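Quantities reported herein were computed from a predicted structural model and do not represent experimental measurements.
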Amino acid sequence: MVGGEAASAVEELVSGVRQAADFAEQFRAYSESEKQWKARMEFILRHLPDYRDPPDGSGRLDQLLSLSMVWANHLFLGCSYNKDLLDKVMEMADGIEVEDLPQFTTRSELMKKHQN
């Protein structure tokens, strides 16, 4: 019977993961590529338990979605933000693997090149 219990536990886990992914799918932006969405969804799902909206409706989920967009915009579009905010989202994303990221040159790096 142990094998049956293990199989049941695995099915329950897989079902929970599917439900979480289905829930997160509603937050995908129309303009996001599959690669961008996969990374941002991993960010959202990783932190969803800590950011679920409490009964008072204080908007914790909105905060998580905003943080996920800051991270994705920084990573994929090269957007820059306040250092404290970037530090927070980069720490939250620690361990999320994204391959073939675009390389961006900052304005200050461009200015340094032209001054030399």
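Among residues two or more places apart in sequence or in another chain, the side-chain contact (heavy atoms from CB on, under 4.5 Å) test is passed with Arg28 by Glu25, Glu32, Glu34, Trp37. Taking the side chain to side chain donor-acceptor pair (under 3.5 Å) definition, one finds that Asn73 meets it with Tyr81, sequence neighbours left out.
The aromatic rings of Trp71 and Phe76 sit perpendicular to each other, their planes meeting at more than 60°, with 30° as the lower class boundary.
Interatomic distance, CG of Leu61 versus NE2 of His47, reported as 13.5 Å (0.5 Å rounding). Between atom CE of residue Met69 and atom SG of residue Cys79 there is a gap of 9.0 Å, rounded to the nearest 0.5 Å. Between the CG atom of Leu67 and the CZ atom of Arg40 there is a distance of 11.0 Å, given to the nearest 0.5 Å. The distance from atom CG of Leu64 to atom CZ of Phe27, rounded to the nearest 0.5 Å, is 8.5 Å. Arg60 CZ to Gln63 CD: the interatomic distance, rounded to the nearest 0.5 Å, is 5.0 Å.
Cluster membership for Met41 and Tyr51, using ILVMFWY side-chain heavy atoms within less than 4.5 angstrom, is shared.
Among residues at least two apart or in separate chains, salt bridge (charged side-chain N to carboxylate O under 4.0 Å, His left out) pairs with a member in residues 68-91 are Lys83-Asp87.
Under a cut-off of 6.0 angstrom, the local environment of CD in Gln26 is crowded, with over 12 non-hydrogen atoms contributed by other residues, nucleotides or ligands. Counting heavy-atom neighbours within 6.0 Å of Lys35 NZ, excluding the residue itself, gives a total above 12.
Residues Leu85 and His74 fail the side-chain proximity criterion, which asks for heavy atoms closer than 4.5 Å.
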